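Note that the structure is a prediction, hence the values are computed from the model and not measured. Nothing fancy with the numbering, it's 1 onward along the sequence.
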Amino acid sequence: DPDLMQHDAISRQQCLLNSASAVKGWVLPVTHSSLNISLDFTDDNEGLYTIIYENCQFGSRVSFDLSVVLENAGGGRLSAGENGLPLTFACSAALFFLAFLAWVAVMARNRSSLHYVHFLMAVLVFTKTVSATTNAFRFQVTCLMSLRA
């Protein structure tokens, strides 16, 4: 557990970055007053990344600003798991709309046995259609806006 290792290192006044087993990946010692770093990741090392800052000069005070911009290859800001969401939501919206039309057709054929709950079910399916359409639009706009920036 990284949090436990960090707490243990701090309690022993030991720098976490000096422990080879605690940190995997890149260790960037900052000795400058200003530092700009750009890291490019390939498909073979994609995943979840963590930024850990530690001041190894115990007792000293440090102030810094951190700005992180994450982009996928091609400039998109949707994660690998979100790339297919616009199409997924659009397809589900189309299926919900077809279900809504089918339900309204069934209700129109059986007017004599309709109850209030049948209308509520139609409203529910229509609401799901609007929700899926909105999500498809939201993810598509996010994808398009990040490509233009």
Can you see which heavy atom on [X] is nearest to which on [Y], and at what distance?
X: Ala136; Y: Pro86; value: CB-O, 3.7 Å
X: Met107; Y: His118; value: SD-O, 3.6 Å
X: Thr133; Y: Ala93; value: OG1-CB, 3.4 Å

- Message: Check the orientation of Phe89 and Phe139. Use parallel for under 30°, tilted for 30 to 60°, and perpendicular for over 60°.
- Response: parallel

Look up atom [atom1] in [X] and atom [atom2] in [Y], then write down how far apart they are to the nearest 0.5 Å.
X: Trp103; Y: Leu98; atom1: CH2; atom2: CG; result: 16.0 Å
X: Leu87; Y: Gln140; atom1: CG; atom2: CD; result: 9.5 Å
X: Leu95; Y: Lys128; atom1: CG; atom2: NZ; result: 12.5 Å
X: Arg109; Y: Leu114; atom1: CZ; atom2: CG; result: 11.5 Å

- Query: Does Val130 share a hydrophobic cluster with Val104, counting links as ILVMFWY side-chain heavy atoms below 4.5 Å and allowing steps through other members?
  - Reply: yes

State, yes or no, whether a side-chain contact exists between [X] and [Y] at a heavy-atom distance under 4.5 Å.
X: Leu120; Y: Leu124; answer: no
X: Asn110; Y: Ser113; answer: yes
X: Phe97; Y: Thr129; answer: yes

- Message: Between Thr127 and Val123 (side chain of the first, backbone of the second, donor and acceptor by atom type, cut-off under 3.5 Å), is there such a pair?
- Response: yes

